[in-house]
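Scroll down for the structure; my scribbles are underneath it.
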Number of protein chains: 2
Amino acid sequence: MNDKHISPAEREVMRVVWSTHPITSKDIFEVLKDKTEWKMATTKTLIGRLVKKGVLTTEAVGRRFEYSPAVTEEETIKESSNDLLNQICTKKVGETIYMMLEDSTVSVDDLKALERLIQKKKQTAPKVVACDCVIGQCTCE
Amino acid sequence: MNDKHISPAEREVMRVVWSTHPITSKDIFEVLKDKTEWKMATTKTLIGRLVKKGVLTTEAVGRRFEYSPAVTEEETIKESSNDLLNQICTKKVGETIYMMLEDSTVSVDDLKALERLIQKKKQTAPKVVACDCVIGQCTCE
DNA sequence: CCTTGTCGTTTACACCTGTAAACATTACTT
DNA sequence: AAGTAATGTTTACAGGTGTAAACGACAAGG
């Protein structure tokens, strides 16, 4: 099924492919070798796993392959974000996003976009978010 | 070292302990058993790992233990958030936070707090965030 | 044609994670 | 005092992850 989970090491490979595709394993390795210090073999393993999972597509060019992404970076980031936010009480999601923004450097335009989003969300935002935790698993009670 | 990484299953246990402490393994199990369907044995294993990692402290009460957290939930959420955001181009952090907010339900007060934070951040926000990616790993170039 | 390099595939292996049974010890019950 | 229940500790085991060597097949060079 939707077993498209991408590990951190695999994501390094994907980022290269998202940036440039189609691309050969050699070229992926060239981009990553300084950053990661991986051996070619390591890159090959990760590519293999990504292909098997179906998040990389291959196109045969002669005897070799060229790789392209089968999922977008956004999709996968969204998935990872959900994995994170689903681990905390719905009531704490707001604070969590706050902390993230607080600790991040974002551009003026990003801030403006966020501002607009906030204006829009204000129209439908609840006074208080319902806590959906099991009793005993958070302090909202 | 600072090897305080908490896995999703371990976090389930921590959330119970953050909510109520000191607490016994029995009571942790009681809170989780409906949600997770874990056997007592599973809970015990996770508690053991958390204690070994030093994120749970124990206090002997007679022959038994009572557990308390040695780290705050905030700390651990911050760590997980960083793990996520560090996997994407600095330039895309803004959009990522945007997506998260877009997909989340947050309260009016949360939105107000975010608004204030944005006002504050606007004073020092760069026109454009510098991309720190390795060349070939993102499309900012 | 034989050698060598290249690239995909297989195999390797240790550590982490989810899930749990088995075991040891002690406290409680009869 | 002996059996039983509760609880911490050990052991188990499959699947994921990071890291990489070994293998096999083909292409290019000599």
Side-chain angles (χ1 to χ4, degrees), chain A residues 1-17 22-68 76 79-80 83 86-87, chain B residues 1-17 22-68 76 79-80 83 86-87:
Chain A
M1 321 287 111
N2 229 25
D3 196 354
K4 309 278 169 111
H5 181 254
I6 293 174
S7 77
E10 288 165 354
R11 183 175 295 275
E12 293 292 342
V13 172
M14 288 307 292
R15 286 177 65 183
V16 178
V17 182
I23 187 171
T24 64
S25 61
K26 178 83 185 307
D27 287 346
I28 293 172
F29 172 65
E30 288 303 323
V31 170
L32 290 173
K33 75 164 184 294
D34 290 335
K35 179 177 188 184
T36 64
E37 313 245 303
W38 290 339
K39 300 292 187 310
M40 182 68 204
T42 303
T43 306
K44 286 196 246 175
T45 300
L46 293 169
I47 291 172
R49 289 177 186 170
L50 289 164
V51 170
K52 191 200 258 178
K53 274 192 253 208
V55 295
L56 272 190
T57 54
T58 58
E59 196 184 347
V61 174
R63 198 23 82 178
R64 304 293 144 75
F65 286 139
E66 292 193 334
Y67 302 93
S68 294
T76 67
E79 198 200 296
S80 299
D83 286 350
N86 286 335
Q87 279 180 57
Chain B
M1 332 286 109
N2 227 27
D3 196 354
K4 307 280 169 110
H5 181 252
I6 293 174
S7 78
E10 288 166 352
R11 184 175 293 274
E12 293 290 342
V13 172
M14 288 307 292
R15 287 178 66 183
V16 178
V17 182
I23 186 172
T24 63
S25 61
K26 178 80 186 309
D27 287 346
I28 293 173
F29 172 65
E30 288 302 322
V31 170
L32 290 173
K33 76 167 185 296
D34 290 336
K35 180 177 188 184
T36 65
E37 312 246 301
W38 291 338
K39 300 293 187 315
M40 182 67 206
T42 303
T43 306
K44 287 196 248 178
T45 299
L46 293 169
I47 291 172
R49 288 179 186 168
L50 289 164
V51 170
K52 191 200 257 178
K53 274 192 251 206
V55 296
L56 271 189
T57 54
T58 57
E59 195 184 346
V61 173
R63 203 15 91 175
R64 303 293 144 73
F65 286 140
E66 290 194 333
Y67 302 92
S68 294
T76 67
E79 198 200 296
S80 299
D83 286 349
N86 287 335
Q87 280 179 58

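Convention: sequence-line order gives letters A, B, ...; per-chain numbering from 1. All of these numbers come straight from a predicted model, not from anything done at the bench.
- Residue order along DNA chain D, read from the 5' end via each residue's closest nucleotide, puts B/Thr24 first among B/Thr24 and A/Leu46.
- Under the rule for a side chain to side chain contact (heavy atoms under 4.5 Å, CB included), the partners of B/Ser25 that lie at least two apart in sequence or sit in another chain are B/Met40, B/Ile47, B/Tyr67.
- Proximity of A/Thr42 to the phosphate of D/dA20: a side-chain N or O atom is located under 4.0 Å from OP1 or OP2.
- The phosphate of C/dG8 has OP1 or OP2 within less than 4.0 Å of a side-chain N or O from A/Ser25.
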Would you mind writing out the side-chain donor-acceptor pairs for residues 8-16 of chain B within the sub-3.5 Å range, not counting sequence neighbours?
| from | atom 1 | to | atom 2 | distance (Å) |
| --- | --- | --- | --- | --- |
| B/Glu10 | OE1 | B/Ser7 | N | 2.9 |
| B/Glu10 | OE1 | B/Lys53 | NZ | 2.6 |
| B/Glu10 | OE2 | B/Lys53 | NZ | 3.0 |
| B/Arg11 | NE | A/Gln87 | OE1 | 3.0 |
| B/Arg11 | NH1 | B/Thr76 | OG1 | 3.1 |
| B/Arg11 | NH2 | B/Ser80 | OG | 3.3 |
| B/Glu12 | OE1 | A/Gln137 | NE2 | 2.6 |
| B/Glu12 | OE1 | B/Lys35 | NZ | 3.0 |
| B/Arg15 | NH1 | A/Gln87 | O | 3.4 |

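- For the OP1/OP2 pair of D/dG8 and a distance below 4.0 Å, the side-chain nitrogens and oxygens of B/Tyr67 include at least one atom meeting the criterion.
- For D/dA5, neither phosphate oxygen OP1 nor OP2 lies less than 4.0 angstrom from any side-chain nitrogen or oxygen of B/Lys26.
- Contacts of A/Thr45 with the nucleic acid, taken as non-hydrogen atoms under 4.0 Å apart, include base atoms.
- A/Glu66 meets the side-chain hydrogen bond (donor to acceptor under 3.5 Å, both in side chains) test with no other residue; sequence neighbours excluded.
- For A/Ser7, a side-chain nitrogen or oxygen approaches OP1 or OP2 of D/dG18 to under 4.0 Å.
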- prompt: Quick one: what's the B/S/- string for nucleotides 22-30 of chain C, heavy-atom cutoff under 4.0 Å, read 5' to 3'?
  reply: ----S----
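- Rounded to whole angstrom, the span from the CZ atom of B/Arg49 across to the P atom of D/dG8 amounts to 16 Å.
- Regarding B/Lys39, its NZ atom lies at a distance of 18 Å from the C1' atom of D/dT7, rounded to whole Å.
- Between the side chain of A/Ser68 and the backbone N or O of A/Thr57 there is no donor-acceptor pair closer than 3.5 Å.
- For the salt bridge (Lys or Arg N to Asp or Glu O under 4.0 Å) condition, the pairs that include at least one residue of residues 22-32 of chain B, sequence neighbours left out, are B/Glu30-B/Lys33.
- Rounded to whole angstrom, the span from the CD1 atom of B/Ile28 across to the P atom of D/dT7 amounts to 11 Å.
- Shown here are the side chain to side chain contact (heavy atoms under 4.5 Å, CB included) partners of A/Glu59, two or more places apart in sequence or in another chain: there are none.
- For D/dT17, its base never sits under 3.5 Å from the side chain of A/Arg11 at any donor and acceptor pair.
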